[in-house]
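These notes concern the structure reproduced below.
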Amino acid sequence: METIALPGKGATTLDKLDPSIDVFAEIERLRREKNVVILAHYYQDAEIQDLADFIGDSLDLSRKAAETKADVIAFCGVRFMAEVAKILSPAKTVLLPDEEAGCSLEDSCKADELRKYRDAHPDTIIVTYINSSAEVKALSDVIVTSSSAEHIVRQLPKDKPIMFAPDRHLGAYVARVTGRKMELWNGSCIVHDRFSARELSKLKTKHPKAPVVAHPECTESILAFADHVGSTRSILDFVVQRPEKEFIIATERHIIHQMEKLAPGKTFIPAPGSDGSCNCASCPYMALNTVEKLYLSLVNMAPRVEIPEALREQALKPLKRMLEMSPPAPASARAAE
Ligand code: 13P
Ligand code: SF4
């Protein structure tokens, strides 16, 4: 991704930010003046979640980015998500408050390595998780998200080999539930990789009635404890709908803010890491975005996501396939409340 950080007229930088500025009021003013839609992922800080126009999992956010009438999309998430917004809505200005907001899964699959693989395996269908760069998407046959991977893999021709990249845990999970044999790229998420099955087992003994919900980026040993495996939005729906009063949450901890809002009175216990604490379950990339950086991005109209047109067109093909092959959006794909 090429990002442009051009300070516009009246632009300011984080170190020069006037501490007396009410950034929330300024964001309110700027979003109206500039016709901005603020999209946020569930792993963002609570204060960003609370000011977003729309909050969702990767598929919900992609759909929203594709259909918005706003002139500007301020994407509070990580780079691959903002890139998808730009690929689907090239006429819009797409802002990413911190251009360093990457993803360990994206880093684990480089385009030149995938190109070599594809050239050596011309008959293999390359199914790529949305947590990947635009270059990697452009080399893929179809993109999937955690909420659509199983549904999409079930529709693929049975007589063709499949490579699932880059998340080996999500790939292994999809292979188990669909019965489809797939070759797996050796990538993983640094956040979901760190939950400890031993510590989770101890926690479960203390809370035997609490269902465990887990994101499919977790290891198989964690998913073995799960009463529900799904995307961030699907996990949220599960805890809202179920009658139990406490739940163990094996995904990034900032989603608990949304759970507490939508299911008040229930208790959400973060799944532990190997030291028994839950501090590991925080995505350092998502944490780079702050309300101050969001405010500055609206002032400066930067950092801006730009993708060369030839690359965008190539990456659009498997993304369009994803939208066509995904399950319909549930009613719970929601505007932020
Ligand atoms: P979701 O599509 O479930 O929101 O997952 C995105 C992600 O990056 C999880 O780590
Ligand atoms: Fe990437 Fe993991 Fe962060 Fe999700 S939680 S954005 S997969 S590093």
Side-chain angles (χ1 to χ4, degrees), residues 39-45 48-49 52 54-65 75-85 96 98 100-109 128-133 136 143-152 165-171 173-174 185 187-195 213-219 222-223 226 228-239 249-259 270-271 273 278-289 319 322-323 326-327 329-330 332-334 336:
L39 304 184
H41 190 266
Y42 294 119
Y43 295 167
Q44 291 288 275
D45 271 354
I48 294 183
Q49 292 189 35
F54 185 84
I55 184 159
D57 68 15
S58 307
L59 181 60
D60 300 335
L61 292 169
S62 307
R63 285 175 161 147
K64 204 69 192 169
F75 211 115
C76 298
V78 289
R79 187 170 50 226
F80 76 80
M81 297 177 176
E83 281 188 343
V84 168
L96 179 61
D98 191 312
E100 299 299 321
C103 168
S104 63
L105 273 168
E106 177 184 335
D107 293 343
S108 62
C109 186
T128 300
Y129 192 28
I130 198 165
N131 297 39
S132 53
S133 67
V136 162
I143 307 302
V144 298
T145 66
S146 56
S147 56
S148 63
E150 176 185 342
H151 191 81
I152 290 177
D167 186 2
R168 66 175 188 273
H169 300 311
L170 174 62
Y173 170 73
V174 172
W185 199 266
S188 63
C189 160
I190 51 167
V191 180
H192 291 86
D193 237 358
R194 285 195 201 153
F195 294 117
V213 294
H215 196 278
E217 288 172 16
C218 293
T219 60
I222 295 295
L223 296 183
H228 179 73
V229 177
S231 78
T232 48
R233 194 230 321 109
S234 142
I235 289 173
L236 190 51
D237 291 347
F238 181 88
V239 303
I249 311 299
T251 192
E252 213 272 2
R253 64 187 172 84
H254 286 91
I255 196 174
I256 292 177
H257 172 64
Q258 210 53 227
M259 292 174 170
C278 66
N279 292 338
C280 57
S282 177
C283 175
Y285 305 102
M286 290 276 181
L288 290 172
N289 293 324
L319 269 172
M322 169 189 87
L323 294 176
S326 289
S332 58
R334 51 180 70 79

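Read the numbers this way: they start at 1 and go in the same order the structure lists the ligands and their atoms.
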Protein N/O near ligand 1 N/O, under 3.5 Å, which pairs?
residue, atom, partner, partner atom, Å
ligand 1, 2 (O), Ser58, N, 3.1
ligand 1, 2 (O), Ser58, OG, 2.8
ligand 1, 2 (O), Ser146, OG, 3.3
ligand 1, 3 (O), Ser146, OG, 2.8
ligand 1, 3 (O), His215, NE2, 2.8
ligand 1, 3 (O), Thr232, N, 2.9
ligand 1, 3 (O), Thr232, OG1, 3.4
ligand 1, 4 (O), His41, NE2, 2.6
ligand 1, 4 (O), Ser58, N, 3.4
ligand 1, 4 (O), Thr232, OG1, 2.6
ligand 1, 5 (O), His215, NE2, 3.3
ligand 1, 8 (O), Asn131, ND2, 3.1
ligand 1, 10 (O), Glu217, OE1, 2.8
ligand 1, 10 (O), Glu217, OE2, 3.1

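The aromatic rings of Phe238 and His228 sit parallel, their planes meeting at an angle under 30°, below the 60° perpendicular limit.
Ser132 has its side chain out of reach of Cys109: every pair of non-hydrogen atoms, C-beta onward, lies at least 4.5 Å apart.
For Ser148 and Thr145, the side-chain atoms include at least one donor-acceptor pair closer than 3.5 Å. Thr232 and Asp57 share no donor-acceptor pair across their side chains, judged by distance under 3.5 Å alone.
Separation of atoms NE2 (His169) and OG (Ser188) is listed at 4.5 Å; rounding is to 0.5 Å. One distance of note links CZ of Phe75 with NE2 of His41; it measures 8.5 Å at 0.5 Å rounding. One distance of note links CD1 of Ile255 with NE2 of His215; it measures 8.0 Å at 0.5 Å rounding. Here Asn289 contributes atom CG and Leu96 contributes atom CG; the two are 5.5 Å apart, rounded to the nearest 0.5 Å.
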Problem set entry | Residues Thr251, His192; criterion side chain to side chain donor-acceptor pair (under 3.5 Å); working and verdict | CA-CA 6 Å; Thr251 192; His192 291 86; 2.8 Å; yes
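Protein N/O/S atoms closer to atom 2 (Fe) of ligand 2 than 2.8 Å number 1 in this structure.
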